[in-house]
There are 2 protein chains.
Amino acid sequence: MNKRASGEIGGDDVCKTVCVHRSAVDAVKECMVGDGTLRELAELFKVLSDHTRIRILHALLHAELCVCDLVDVLDMNQSAVSHQLRVLRTAKVVKYRKEGRNVFYSLDDDHIFSLLRDGMDHVRE
Amino acid sequence: MNKRASGEIGGDDVCKTVCVHRSAVDAVKECMVGDGTLRELAELFKVLSDHTRIRILHALLHAELCVCDLVDVLDMNQSAVSHQLRVLRTAKVVKYRKEGRNVFYSLDDDHIFSLLRDGMDHVRE
DNA sequence: TGAATGTATGAGTAGGTATTCATATGAATA
DNA sequence: TATTCATATGAATACCTACTCATACATTCA
């Protein structure tokens, strides 16, 4: 089981752990995408990980809405909604257009649709 | 623009906000799924929203691995990895099987695959 | 121009969370 | 059985984040 024989060019961490399945681990390391990408991915999911933001997105799934519409749908105060819209905007998860003094928000692209759909599928087992 | 004329059976919140596009808002409210479901959905995304956990999942995308394998792949201490595996386990995002003193982890179902793939697609614009 | 309306945002705060450290549990081995 | 190895977990801590409050900004209208 202990395949620690091979290499690692004698770092000072040799034998820190001895149970590693070396070949499987090395293969996985080959496949790993850049750490920056995974960081961005986690960041994207973090944007989707808040109850208020999910409710906003779920509402926008059905229609383009302005801020005060969302305030009404979510029954929350305007400041809280705006703060969360900012997070969604910054992450390019929603887009917006101004019309008079209203600002209308909508989902940015289809990936968001897919993410919400797949997420729903998982939640409903 | 102000369609506040209609109903709401005179709650005490009348005119708290006056800019609502009533028909659109009412239609959206019709479509909203239960709040519990949206809460679970946010919870799922929260599980995916951490850098360490994303790295774990991305590793498991390619192979079933035991804890010490993950420790090696992620180059993190064992306690931190175990703590995050617990989060993933609890959320039923990964499953595990014991073999001797090793515990092997793998992705639980295909929805997780899809979520990671769609997420990647979004991240890469 | 001044008032009103719709939206955005900075500061403050309470609650949440990822890591580390120390230790426990549980299986294999001598 | 005692020891070693693989994994899990409780407590402590440092960091993060969502909400509220107050206020600023921007657009429309009188």
Side-chain angles (χ1 to χ4, degrees), chain A residues 1-4 15-21 24-25 38-39 42-43 45-57 64-91 94-105, chain B residues 1-4 15-22 25 38-39 42-43 45-57 64-91 94-105:
Chain A
M1 184 182 299
N2 184 343
K3 302 185 179 175
R4 249 281 180 199
C15 294
K16 191 176 55 186
T17 313
V18 290
C19 68
V20 171
H21 303 80
V25 166
L38 294 182
R39 213 171 278 277
E43 209 58 43
F45 285 128
K46 184 167 294 169
V47 168
L48 306 178
S49 73
D50 174 74
H51 182 228
T52 297
R53 290 194 292 268
I54 279 289
R55 286 165 76 213
I56 291 175
L57 294 175
E64 180 193 57
L65 295 170
C66 74
V67 177
C68 61
D69 292 343
L70 286 166
V71 166
D72 186 288
V73 169
L74 305 184
D75 192 28
M76 290 182 65
N77 84 55
Q78 179 267 320
S79 179
V81 172
S82 267
H83 273 295
Q84 297 314 321
L85 283 170
R86 186 155 116 80
V87 174
L88 293 169
R89 245 165 36 217
T90 304
V94 300
K95 61 190 179 211
Y96 63 98
R97 72 183 171 81
K98 302 190 180 186
E99 185 180 313
R101 36 191 168 193
N102 288 316
V103 179
F104 287 88
Y105 284 86
Chain B
M1 182 182 300
N2 183 344
K3 301 185 180 175
R4 248 282 180 203
C15 294
K16 190 176 56 185
T17 311
V18 290
C19 67
V20 171
H21 303 80
R22 182 52 52 199
V25 166
L38 294 182
R39 213 170 277 277
E43 209 59 44
F45 285 129
K46 184 168 296 170
V47 167
L48 305 178
S49 74
D50 173 74
H51 182 229
T52 297
R53 290 194 291 269
I54 278 290
R55 286 165 76 213
I56 291 174
L57 294 175
E64 180 194 56
L65 295 170
C66 73
V67 178
C68 60
D69 292 342
L70 286 166
V71 166
D72 187 288
V73 169
L74 305 184
D75 192 28
M76 290 183 65
N77 84 55
Q78 179 267 322
S79 178
V81 172
S82 267
H83 273 295
Q84 297 314 322
L85 283 170
R86 185 155 118 79
V87 174
L88 294 169
R89 246 165 35 215
T90 303
V94 301
K95 61 190 177 208
Y96 64 98
R97 72 181 170 83
K98 302 190 178 185
E99 184 180 312
R101 37 192 168 194
N102 287 316
V103 179
F104 288 88
Y105 285 86

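Heavy atoms only: backbone and side chains are in, while hydrogens, waters and symmetry mates are out. By convention in this document, chain letters (A, B, ...) are assigned in the order of the sequence lines, proteins followed by strands, and residues within each chain are numbered from 1.
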Exercise. Asp72(A) has an atom CG; how far is it from atom C1' of dT5(C), in whole Å?
Worked result: 16 Å
Problem set entry | OH (Tyr96(B)) with more than 12 external heavy atoms under 6.0 Å | no
Is there any protein nitrogen or oxygen under 3.5 Å from a nitrogen or oxygen in nucleotides 27-30 of chain C, and what are the pairs?
none

Problem set entry | Those residues that, when tested against Arg101(A), pass side chain to side chain donor-acceptor pair (under 3.5 Å) (two or more places apart) | none
Exercise. Taking SG to SG, are Cys19(A) and Cys66(B) separated by less than 2.5 Å?
Worked result: no
For this session: List in chain and number order the residues that pass side chain to side chain donor-acceptor pair (under 3.5 Å) with Arg97(A), two or more places apart in sequence or in another chain; answer none if no residue qualifies.
Result: Glu64(A), Glu99(A)
For this session: For Glu43(A) and for Lys98(A), locate the closest nucleotide of DNA chain D by heavy-atom distance; then report the residue assigned to the nucleotide nearer the 5' terminus.
Result: Glu43(A)
Exercise. Over how many whole Å does the gap from Arg97(B) atom CZ to dA6(D) atom P extend?
Worked result: 16 Å
Problem set entry | With Ala42(A) via side chain to side chain contact (heavy atoms under 4.5 Å, CB included) - residues at least two apart | Ile54(B)
Problem set entry | Residue list, side chain to side chain donor-acceptor pair (under 3.5 Å) with Glu43(A), at least two apart or on another chain | none
For this session: Write down the distance between NE2 (His51(A)) and P (dA18(D)), rounded to a whole number of angstrom.
Result: 13 Å
Exercise. Could you state the CG-P distance from Asn102(B) to dT25(C), rounded to the nearest angstrom?
Worked result: 21 Å
For this session: Please state how far atom CZ in Arg86(A) lies from atom C1' in dG6(C), giving the value in whole angstrom units.
Result: 18 Å
Seminar exercise, completed: When rounded to whole Å, the NE2 to C1' distance for the pair His21(A) and dT7(D) reads 14 Å
Exercise. Rounding to a whole Å, what distance do you find between Leu85(A):CG and dT17(D):P?
Worked result: 18 Å
For this session: Flag the pair His21(A) / Asn102(B) as yes when at least one side-chain heavy-atom distance between them is below 4.5 Å, and no otherwise.
Result: yes
Problem set entry | Sugar-phosphate, base or nothing in reach of Tyr105(A), heavy atoms under 4.0 Å | sugar-phosphate
Problem set entry | side chain to side chain contact (heavy atoms under 4.5 Å, CB included) partners for Val87(A), two or more places apart | Val47(A), Arg53(A), Gln84(A)
For this session: Tell which nucleotide pairs with dA30(C), taking only Watson-Crick or G-U wobble pairs whose two distances are both under 3.5 angstrom.
Result: dT1(D)
Report all interatomic pairs (protein N or O, nucleotide N or O of nucleotides 18-20 of chain C) with separations under 3.5 Å.
from, atom 1, to, atom 2, distance (Å)
dA18(C), OP1, Arg53(B), NH2, 3.2
dA18(C), OP2, Arg53(B), NH1, 3.0
dT19(C), OP1, Thr52(B), OG1, 2.6
dT19(C), OP2, Gln84(B), NE2, 3.1
dT20(C), OP2, Asn77(B), ND2, 2.5
dT20(C), O4, His83(B), NE2, 3.2

Exercise. For Ser82(B), which residues count as a side chain to side chain donor-acceptor pair (under 3.5 Å) partner, sequence neighbours excluded?
Worked result: Gln78(B)
For this session: To the nearest Å, give me how far apart OH (Tyr96(A)) and C1' (dT7(C)) are.
Result: 12 Å
